[in-house]
**Q** 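The structure under discussion is supplied below as structure tokens; questions concerning it will follow.
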Amino acid sequence: MSLTFDVQLRADPASDAERAAVLDNPGFGKFFTDHMVQAVWTRDGGWRDGRVTAYGPIQLMPSAAVLHYAQEIFEGLKAYRHEDGSIWTFRPQMNARRLARSAARLALPVLPEADFLASLEALVRVDEAWVPAYGDTEESLYLRPFMYASEAFLGVRPANEVRYGVIASPAGAYFSGGVKPVTLWVSTNYARAGAGGTGAAKCGGNYASSLAGQLEGIEHGCEQAVFLDSSTHTFVDELGGMNVFLVTKDNELVTPELTGSILEGVTRGSILQLAKELGLDPVERRVPIAEWEDGARSGDITEVFACGTAAVVTPVGELRWEGGSAPSTAGSAGGPVTRHIRERLLDIQFGRAEDVHGWMHRLV
Ligand SMILES: *Cc1c(COP(=O)(O)O)cnc(C)c1O
């Protein structure tokens with residue numbers, strides 16, 4: 001039976017003025033809408049108690065399994081307002097399927113795709129006023145579905161009680177002062193994920209283990225870290241939360257192949273599909289970090305960018321590692337291919353370009 005989401009409107013929603021103040025300068029992940037989605041799963045009863053209710057604290061026993069053993073997964077996607085006022089999201093079926101794959105890896109229950117889509121629709125319908133107005137500012141409403149083991153039990157086994165939720169947060173343009181290249185630190189002391197591990201699942205634990213590498217990068221004046229394969233430290237995996245692409249002088253668009261330690265980004269897959277239309281040759285293969293280091297110097301690599309839902313496409317500038325660095329190929333605002341791909345994706349997402357792939361899904 002499919003889940004329904006009963007709407008229990010809060011008595012004290014933000015006033016129009018309060019909401020307008022947030023939407024004026026939302027930043028990222030700081031402010032949340034009036035409501036959230038909740039649902040419960042039990043091994044005996046399956047999914048039930050779907051609700052849209054006031055955004056607020058959740059009750060959890062101190063013994064809840066997630067707090068001890070990190071049995072948790074999440075998703076991230078955005079709701080975009082189009083010029084006619086309608087609200088859309090981008091390829092949410094891909095997020096539903098990835099949530100199901102992450103669930104299988106973390107021994108969590110699968111939330112059916114129809115229930116996942118219904119949960120997004122239910123929340124965005126109620127909190128529609130929080131979706132930023134159409135404009136040229138790239139603002140959207142970030143949606144964060146998540147699932148965690150709520151059973152109060154300290155034994156190590158898959159939980160028999162699990163909760164699902166969706167929260168929503170207005171998101172400003174990722175680059176408020178215009179697109180700017182990020183400097184990356186090549187993390188060799190830390191890996192994000194290993195063979196047979198959880199790198200291909202979108203789970204909180206992967207992020208926890210990426211933080212030390214990230215901090216090391218910051219200590220070396222970089223904004224983010226790029227992680228290598230954990231066994232040989234020679235091949236590029238990805239950033240802490242973004243996939244990576246290299247553009248070659250022969251117009252190849254190269255990204256590391258999915259080896260099991262890389263998260264399969266929806267943005268990554270979409271860019272691979274768009275490549276041909278943009279006159280580029282998409283290539284998925286192993287990418288030695290040395291090829292990037294040498295190519296940035298010799299001119300064989302003409303651009304590097306990172307991609308993900310939150311930042312869309314981010315130009316990558318200088319690469320630094322213990323004892324060395326490779327120069328930026330990004331100029332001050334990213335190279336022409338990076339900017340073209342970024343604009344193309346945004347045009348599709350905001351309804352300015354025809355959706356020939358059928359990627360957009362209407363929410364409201
Ligand atoms: C979410 C995520 C991405 C980007 O995925 P999108 O579906 O494009 O947003 C890339 N890498 C990691 C580790 C992620 O968690």
Side-chain angles (χ1 to χ4, degrees), residues 28-29 70 72-80 89-103 105-106 113 116 120 138 140-147 166 168-169 171 174 182 184 187 190-194 197-214 217 223-230 236-245 253 255-275 282 284 287 304-314 316 338 341-342 344-346 348-349 357 359-361:
F28 183 83
E72 185 267 354
I73 57 176
F74 64 95
E75 272 302 324
L77 63 173
K78 284 173 169 176
Y80 309 89
T89 187
F90 182 74
R91 308 186 78 186
Q93 302 85 353
M94 303 296 282
N95 299 89
R97 286 172 213 159
R98 186 169 65 192
L99 187 72
R101 292 197 300 276
S102 300
R105 181 62 184 84
L106 276 287
E113 183 172 317
F116 178 82
L120 306 180
E138 291 178 26
S140 60
L141 183 66
Y142 184 79
L143 304 174
R144 167 54 60 86
F146 58 110
M147 192 191 291
V166 188
S169 174
Y174 191 82
V182 290
L184 292 190
S187 176
Y190 302 103
R192 193 189 75 93
T198 54
K202 207 168 176 74
C203 62
N206 289 344
Y207 279 73
S209 70
S210 76
L211 295 175
Q214 189 89 6
E223 283 134 286
Q224 298 218 24
V226 56
F227 293 96
L228 307 178
D229 75 290
S230 64
V236 178
D237 265 1
E238 61 168 321
L239 275 54
M242 282 193 271
N243 297 118
V244 62
F245 278 89
L253 187 60
T255 194
E257 67 183 1
L258 301 172
T259 51
S261 57
I262 295 175
L263 197 280
E264 186 175 357
V266 178
T267 318
R268 173 189 181 278
S270 306
I271 290 172
L272 284 171
Q273 266 184 263
L274 287 175
E284 291 176 84
V287 178
V304 182
F305 63 85
C307 68
T309 296
V312 196
V313 166
T314 305
V316 171
T338 302
I341 291 174
R342 185 167 206 283
R344 185 53 168 264
L345 272 174
L346 286 168
I348 295 171
Q349 290 168 340
H357 299 278
W359 283 344
M360 302 308 291
H361 175 91

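Whatever order the structure lists ligands and atoms in, that order sets their numbers, starting from 1. Small disclaimer: the values here were computed from a predicted structure and weren't measured. We number each residue from 1, following the sequence as shown.
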**Q** Any salt bridge linking Glu75 with Lys202? Criterion: basic side-chain nitrogen under 4.0 Å from a carboxylate oxygen.
**A** no
**Q** Determine, for Lys78 against Glu138, whether the closest basic-nitrogen to carboxylate-oxygen distance falls under 4.0 angstrom.
**A** no
**Q** Are Arg101 and Glu264 within salt-bridge range, i.e. N to O under 4.0 Å?
**A** yes
**Q** First locate atom SG of Cys307, then atom CZ of Arg342, and finally report the distance between them rounded to the nearest 0.5 Å.
**A** 11.5 Å
**Q** Should the pair Phe245 and Phe305 be assigned to parallel (<30°), tilted (30 to 60°) or perpendicular (>60°) ring geometry?
**A** parallel
**Q** Does Tyr80 have any ring-ring contact (aromatic ring centres under 6.0 Å, His included) partners at least two apart in sequence or in another chain, and if so, which?
**A** Phe350
**Q** Which parts of the protein, at residue level, reach under 4.0 Å of ligand 1 through a heavy atom?
**A** Arg98, Arg192, Lys202, Tyr207, Glu238, Gly240, Gly241, Met242, Asn243, Leu263, Gly265, Val266, Thr267, Gly308, Thr309
